[in-house]
Amino acid sequence: MKRFYKIAGNAESKPVRLVASLVLAFVVMLFINGFIGSMGGFPAFIAFSIVFFLLRTLVGNGSRMTHQLAMTSRREVIYFLFEYSVGYLILWSVFRIGITFSRVSGWGNISGASAVEFVEELLQSPLLEKGAYLFAGILMFDFVLSLFPLVVIRERMRWILYAIIDGACFALLCMGIGGACTALTPLQQKGGVSCLMDRLLSCSELDLWQELLVLAAIVLFTVAVGIFVFLFTVRIYGPKPGRTDAVAVAQAEYMPGRRIRGKRFPNFVAAACGIVAILVVLVIIFMMPEDTKSGYVKVAEFLTRDTMLGPMVYGGNIYVPVDGDMQLQEAGTPQGYLAEKDEDCDSRFYQMAVANLLYTDASGRTSYVQMEGTDEGLYLPVAELEQRKTWEQGEVFLLWDEDWMSESAYSHEPTGYTVCNEDLIEGLKMQFPQVTYRPEDFADYDAYFTIRSYASTDKLLKENTVSGNWVGCILVKDDKFYFGSYENQITGICLQQLRDVLGGNE
């Protein structure tokens, strides 16, 4: 083995390989920080770039070790894989420990805790926290290990395809495990978590046997990944038709019963199917109908595709978003899910990944309801707002179309709105002083617009605050315009002004 590394050290490198290694290591660091988290992105960047560059240089120069040593390609891959995995772990550990030491020493020590206090705090941390870090660390190593075939793949398109598929599989795996953790997370701790590590630390504490079972599963997954990358790499790196492995030929002469190229394809397929099966099981579990006897069901639904400014129906009454900070997710009572228009809330995926719960005031003193989950919002019955006449507090009136949020995704500021003149708003309020909003009117329309009032346009654009005050809404059906209800058809001067606002396109 010493001679193997001595010969490997004579390989010449190219600057382009160094650049490619650094770019790939940077992507790996972003993936670990974004999907796994808290595993030391910078140590991963340094460790991966070093081991990948050295091995890629060795393989890339075309100098096969089997030409100089009595070694089959399979044994050569074993050396490569050993150097890759062990080298990464050693380098990552060194840099990770170095960064940790800097935080408890003079440099980088913000909290002021001594090294002894840091170690005591580490030892006294809950078992769940220790298990979470261990689980995330093993998963990080699995991801790095799965990238080993990139060391030997030479075809550019195959290299890119493998990197994309591998990254997508591990991204789905992280999101799936994170979704399972979200299901075990207490409601008061939901929100504010993004990466897998945050979700692991925020979920409910498991029994000891459950934690051991989870760790055993991730260890078995590591073994499956190791078998897969080894067999896949041997298949890629092994002798191709038209080429011979001198040692393998010699062995075949002395061992006639052994074939030069044994059929490794079934083993490769078995390892690949094992990993795919795990992902498929996760998808099936997430998309299975949730047991609604012990969970929540859909109790409210948005009436339009606008889930930020548009109305929603709960308990037969229509609610609209308002500004405020009630914190009903802490003191209120969860009633069930608030869904988007025609959204299904019966799958485990929704319960794990979205889970927009609607809370009511437990004291019953207010009629506020609040959504908390992936999204958030505070709402009041539209009938109550009509009585308060909050629209009169604004100086600027904007007409938002139903798809303004998707339109705003392509710019750095809100778009999808039109400025209305005050005469139009006053005319509508004068023509329809009392509007009765009915959920059935929103079941079938051709176009929908929300009208909101604001103190000034500058505040809207600078503070990126689009909520404003509820004024009303416009429903369009069969080229006819209605103010809040099909009972209130807009005609006369108001209709002409509205057409002018919409640019005459309706």
Side-chain angles (χ1 to χ4, degrees), residues 299-304 306-328 331-333 335 338 358-371 376-400 402 417 420-443 445 448-456 459-460 465-475 481-495 497-498 501:
V299 296
E301 183 178 15
F302 284 99
L303 295 174
T304 70
D306 186 356
T307 59
M308 183 172 291
L309 298 179
M312 66 90 172
V313 58
Y314 166 62
N317 299 317
I318 293 181
Y319 289 72
V320 294
V322 295
D323 289 329
D325 187 15
M326 294 294 295
Q327 299 297 323
L328 295 181
T333 302
Q335 300 296 333
L338 169 55
L358 189 68
Y359 295 82
T360 58
D361 189 351
S363 64
R365 292 191 296 266
T366 67
S367 51
Y368 284 97
V369 296
Q370 186 170 359
M371 173 180 64
E376 57 184 21
L378 187 65
Y379 307 88
L380 267 178
V382 66
E384 183 174 333
L385 286 177
E386 290 283 334
Q387 295 178 356
R388 295 185 183 183
K389 297 183 178 181
T390 56
W391 65 274
E392 297 179 349
Q393 302 173 5
E395 299 292 336
V396 178
F397 301 91
L398 301 183
L399 186 73
W400 299 84
E402 186 178 15
Y417 64 86
C420 299
N421 57 67
E422 189 174 354
D423 293 339
L424 171 60
I425 304 302
E426 291 180 350
L428 291 174
K429 287 296 185 179
M430 185 179 298
Q431 186 176 359
F432 309 107
Q434 296 293 332
V435 180
T436 301
Y437 294 88
R438 300 175 303 186
E440 56 268 23
D441 289 339
F442 295 84
Y445 57 81
Y448 168 85
F449 300 91
T450 297
I451 305 177
R452 289 267 172 172
S453 66
Y454 303 87
S456 66
K459 184 176 181 181
L460 167 67
T465 303
V466 299
S467 56
N469 299 307
W470 171 268
V471 178
C473 63
I474 303 293
L475 294 170
F481 297 80
Y482 304 88
F483 187 64
S485 170
Y486 287 140
E487 296 179 346
N488 304 327
Q489 184 177 350
I490 303 174
T491 58
I493 298 177
C494 289
L495 177 60
Q497 291 177 331
L498 180 59
V501 168

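Residue numbers start at 1 and run along the sequence shown. Note: hydrogens, waters and symmetry copies are ignored here, and every other heavy atom, side chains too, is used.
Around the CD atom of E426, the shell of radius 6.0 Å holds more than 12 heavy atoms that belong to other residues, nucleotides or ligands. Within 6.0 Å of CD on E395 lie no more than 12 heavy atoms contributed by other residues, nucleotides or ligands.
Taking every heavy atom of both residues into account, S485 and D441 meet most closely at OG-OD2, 3.2 Å. Between I425 and C420, the closest heavy-atom pair is CD1-CB, 4.3 Å. Of all the heavy atoms in P311 and V320, the pair that sits closest is CB-CG1, 4.0 Å. Nearest heavy-atom pair across E402 and T304 is OE2-CB, 3.5 Å. Of all the heavy atoms in T333 and A362, the pair that sits closest is OG1-CB, 3.5 Å. The nearest pair of heavy atoms linking F483 to I451 is CE1-CD1, 4.3 Å.
The distance from the CD1 atom of I490 to the CD atom of Q431 is 7.5 Å, given to the nearest 0.5 Å. The OH atom of Y359 sits 12.0 Å away from the CD atom of E376 when rounded to the nearest 0.5 Å. Put simply, CG on L303 and OH on Y437 are 12.0 Å apart, with the number rounded to the nearest 0.5 Å. To the nearest 0.5 Å, the span separating CZ on F397 from CZ on R452 amounts to 13.0 Å. Atom OG of S363 and atom CG of L328 lie 8.5 Å apart (nearest 0.5 Å). A distance of 11.5 Å separates CG of L498 from OG1 of T491, quoted to the nearest 0.5 Å.
In this structure the side chain of V322 never reaches within 4.5 angstrom of the side chain of R388, judged on heavy atoms. Inter-residue side-chain proximity for Y379 and L338 is flagged as met; some heavy-atom pair is nearer than 4.5 Å. For the pair L358 and M312, the minimum side-chain heavy-atom distance is below 4.5 Å. I474 has its side chain out of reach of Y482: every pair of non-hydrogen atoms, C-beta onward, lies at least 4.5 Å apart.
Q370 contributes a side-chain N or O that, together with a main-chain N or O of Q327, makes up a donor-acceptor pair within less than 3.5 Å.
Ring-plane geometry between Y314 and Y319 is classed as tilted, the angle between the planes lying from 30 to 60 degrees on a 0 to 90 degree scale.
Test Y417, F449, Y448, W470 against W400 for ring pair (Phe, Tyr, Trp, His ring centres under 6.0 Å) and you get one pass: Y417.
Under a 4.0 Å N-O distance rule, the pair E386/K429 qualifies as a salt bridge.
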- Task: Starting from the C-alpha separation in whole Å, work towards a yes-or-no answer on side chain to side chain contact (heavy atoms under 4.5 Å, CB included) for E487 and R438.
- Result: CA-CA 10 Å; E487 296 179 346; R438 300 175 303 186; 3.2 Å; yes
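Under the 3.5 Å distance criterion, with hydrogens and angles disregarded, a donor-acceptor pair is assigned to the side chains of E384 and S367.
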